[in-house]
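Down below is the structure, laid out as structure tokens.
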Protein chains: 2
Amino acid sequence: MRVVRVAEVRDVAGRALAQAGVPADHAAIQIDLLLEAELRGVPSHGLLRLDRVIQRIANGVADPHAKGHHIWRSDAFLSVDGQMGLGPVVANAALAAIQERAQETGIALAAITNSNHIGMLGWYAENVASEGQNIIALSTSEALVHPWGGRKALIGTNPIAIGVPTETEPFVMDTATSIVSMGEIHDHAHRGVSIPGNWALDVDGNPTTDPNEAKKGALASFGGAKGYALGLAFELLVTSLARAAIGTDVRGTLDATEICNKGDVFIVIDGPQPKLAAYLDIIRTAEPAEGFDRVLVPGDRARECRSQRLAEGVPVADEVWERLQILANSPVSATHKIA
Amino acid sequence: MRVVRVAEVRDVAGRALAQAGVPADHAAIQIDLLLEAELRGVPSHGLLRLDRVIQRIANGVADPHAKGHHIWRSDAFLSVDGQMGLGPVVANAALAAIQERAQETGIALAAITNSNHIGMLGWYAENVASEGQNIIALSTSEALVHPWGGRKALIGTNPIAIGVPTETEPFVMDTATSIVSMGEIHDHAHRGVSIPGNWALDVDGNPTTDPNEAKKGALASFGGAKGYALGLAFELLVTSLARAAIGTDVRGTLDATEICNKGDVFIVIDGPQPKLAAYLDIIRTAEPAEGFDRVLVPGDRARECRSQRLAEGVPVADEVWERLQILANSPVSATHKIA
């Protein structure tokens, strides 16, 4: 593990994407998304992902030039064919369109398909809420989660982010509807540490504390039957609105070779001026329960982490950094093309 | 407990609301909401609530004639002053307006304040999704839930319902963001049964298994920190959009005397034709895990319960039924007016 300054991350990642033929403006968006995950302490959605982005470009399942094709189905409903573009590039173009439209209509929605992985939803929520608009962001994924009472993975990890402007910094929450990410399982396997018994089922659908068995199995929803209901609702809503693939048909966010067919939905609401900061401070200053140092508002810890890492740099695993160096210094075709 | 046929429930409840001066069309809506909760096996949101509705009318904090005043803040954003109307009457009028608007704009939102308790959100979701539109329904409540890591109730139970049309019956999920309802705590207290240790804190903010202590304390969010983040996000979003009261300032859904100042938000999306039924059947026919008879899709059990009770009648607690008889047979002022 090494600590790398933000400017150096941008430089190396930028050169890596340039080698892959990504235009500079699109590369800046992709890097900003991944870097923001590192700054907020979510490395599973950070620089680790750049290798796969580049592999997907090399393999022809990600088009670094595409911004997505926009069709307004009605005044406030934007359908986006992502044209296999980079997830955050397509998402940002869609968001810009519905943010502007929501200023007229009050609320507007973008439903995106045929776009690549859009990464940490909180990044979009933070950006939109910082500009004074409310946002609900949803995305689907490969089926990794079993239904409540089931044995096999049939539902995506289906994250949600919600951003609400306040008089001060925006409120942003961002969570998968799985109890943990599959990355967390891989991390436990990597470290040889067992997992809690309620996190996952093995390949036969029985509870396991062995992360290597869980990798072949299925994750639980967070919050039991209630989280299952929410995650399934997001799967249905996003799939229906974006005309995306569903359940075990979803491909392309975990592999380097298949066209990505999941869906993303953004709803932007141009709301009234908020008065929420005093309430959030009541929560922050509430007496903590036994075993807690303080009461946090979602996003507080990420924001603190961000401030520190902006000043001091981000910790990057050695193998991730070495891979980035190779990507930055060699043409893509030589290192990535899968025959 | 007795079993009462649906027609008889309608008759008795209708006479009770007529005694309270509720116009017949508004009474039919209020009764339909409460009856639907009974049919779906959610008595905490059923006939039990009619007494308080009538008390609130008698006390002048519910106006049985009001439908709400509509102001279109923009093409697809409807602000509703509920004029202290009955919750489902105001909500249905708002929904009708945004359902029609969403046919033009693709998506439309209603933000409601100054309206009474809107009851089981799943009723609205079922109605809208049955008519071929997608819906996200949110509502806030009195602060009954403690933040993750906190000791005191600062957040509402803040339910969400999502309805998605399918080729067959709609998908509907409906859940509070608290781990259980306060009604469930009261029910345990009534039966003298202890509660699980993760449901609630006592008045000092320490975990308790005594439902009588929990009644004075705070409920947990469902799903720990993730459910807390979601419930808080709904509190902020609804409060901001509806310009409603927040946190411990909320009144009027649990008492008979205070003006109700929570908020409700409906988002209706006029989406593409769905193809979801085959996927839902894959879930329903999946092999169940150890300890489960079958895998359910949210709403399945409620729908089965509904079919049976439509045919056979709904079970009603004796004291609830006797109270309804009194309400149906005596003028409101004599029985309810609180000086």
Side-chain angles (χ1 to χ4, degrees), chain A residues 73-77 104-109 134 136 146-152 154 160 162 164-165 171 173 175 201 205-206 222-224 226-230 232-233 236-237 239-241 243 246-247 267 269-272 274 276 279 282-283 286-290 292 294-298, chain B residues 73-77 104-109 134 136 146-152 154 160 162 164-165 171 173 175 201 205-206 222-224 226-230 232-233 236-237 239-241 243 246-247 267 269-272 274 276 279 282-283 286-290 292 294-298:
Chain A
R73 298 213 168 269
S74 39
D75 280 357
F77 190 126
E104 294 167 39
T105 55
I107 183 169
L109 176 147
N134 302 277
I136 301 171
H146 64 81
W148 175 247
R151 290 178 180 270
K152 303 284 183 184
L154 291 173
I160 180 171
I162 295 176
V164 182
F171 169 89
M173 63 78 59
T175 185
L201 304 178
N206 294 311
F222 91 96
K226 290 186 175 224
Y228 157 54
L230 264 179
L232 179 57
L236 297 169
L237 195 60
T239 299
S240 186
L241 297 177
R243 302 166 190 259
I246 198 164
I267 298 171
I269 308 165
D270 198 69
L276 302 169
Y279 172 65
I282 288 170
I283 291 179
E287 187 190 351
E290 190 73 29
F292 287 81
R294 57 179 174 143
V295 180
L296 289 165
V297 166
Chain B
R73 298 212 170 269
S74 39
D75 281 357
F77 190 125
E104 293 167 39
T105 56
I107 183 170
L109 177 146
N134 303 276
I136 300 171
H146 64 81
W148 175 246
R151 288 180 181 270
K152 305 284 183 185
L154 291 173
I160 180 172
I162 295 176
V164 182
F171 169 88
M173 62 80 58
T175 185
L201 304 178
N206 294 312
F222 91 95
K226 290 185 176 224
Y228 158 55
L230 264 179
L232 179 57
L236 297 168
L237 195 60
T239 300
S240 187
L241 296 176
R243 302 165 189 258
I246 197 164
I267 298 171
I269 308 164
D270 198 68
L276 302 169
Y279 171 65
I282 288 170
I283 291 179
E287 188 190 351
E290 190 72 29
F292 287 82
R294 56 180 175 144
V295 181
L296 288 166
V297 166

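Rounding to the nearest 0.5 angstrom, the gap separating the CG atom in B:L230 from the CG atom in A:L230 is 6.0 Å. The CG atom of A:N134 lies 5.5 Å from the OG atom of B:S240; values are rounded to the nearest 0.5 Å. We find the OG-CG distance between A:S74 and B:D75 to be 11.5 Å, quoted to the nearest 0.5 Å. The distance from atom OH of B:Y228 to atom CD1 of A:I283, rounded to the nearest 0.5 Å, is 4.5 Å. To the nearest 0.5 Å, the span separating CD1 on A:I269 from CG on B:L237 amounts to 5.0 Å. Between B:T105 atom OG1 and A:L109 atom CG the span is 10.5 Å, to the nearest 0.5 Å.
Taking chain B as the reference chain and counting heavy-atom pairs below 4.5 Å, the highest number among A:I160, A:T175, A:I246 is found for A:I246. Most heavy-atom pairs under 4.5 Å with chain A, from the set B:R294, B:K152, B:R151, B:M173: that is B:R151. Put simply, of B:A289, B:G223, B:G106, the one with the most heavy-atom pairs under 4.5 Å next to chain A is B:A289. Ranked by non-hydrogen atom pairs under 4.5 Å with chain A, the options B:V164, B:T239, B:N206, B:I267 are led by B:V164. Contact tally against chain A (heavy-atom pairs below 4.5 Å) for B:A229, B:G224, B:G271: the top residue is B:A229.
At a 4.5 Å heavy-atom cutoff, A:R73 makes no contact with chain B through either its backbone or its side chain. Looking at A:K226, the atoms closer than 4.5 Å to chain B (heavy atoms on both sides) sit in the backbone and in the side chain alike. Neither the backbone nor the side chain of A:L201 comes within less than 4.5 Å of any heavy atom of chain B. Proximity to chain B (any heavy atom under 4.5 Å) is restricted, for A:I162, to the side chain, taken from C-beta onward. Residue A:A286 touches chain B through its side chain alone, counting heavy-atom pairs closer than 4.5 Å. Of the two parts of A:F77, the backbone and the side chain both hold a non-hydrogen atom closer than 4.5 Å to a non-hydrogen atom of chain B. Heavy atoms closer than 4.5 Å to chain B are found in both the backbone and the side chain of A:E290. When heavy atoms are compared at a cutoff of 4.5 Å, B:E287 approaches chain A by way of both its backbone and its side chain.
The heavy-atom pair separating B:V295 from A:G149 by the smallest distance is CG2-O, 3.5 Å. Nearest heavy atom pair, residue A:A108 against residue B:I107, reads CA-CG2, 4.0 Å.
Between the side chain of B:Y279 and the backbone N or O of A:L154, at least one donor-acceptor pair lies under 3.5 Å.
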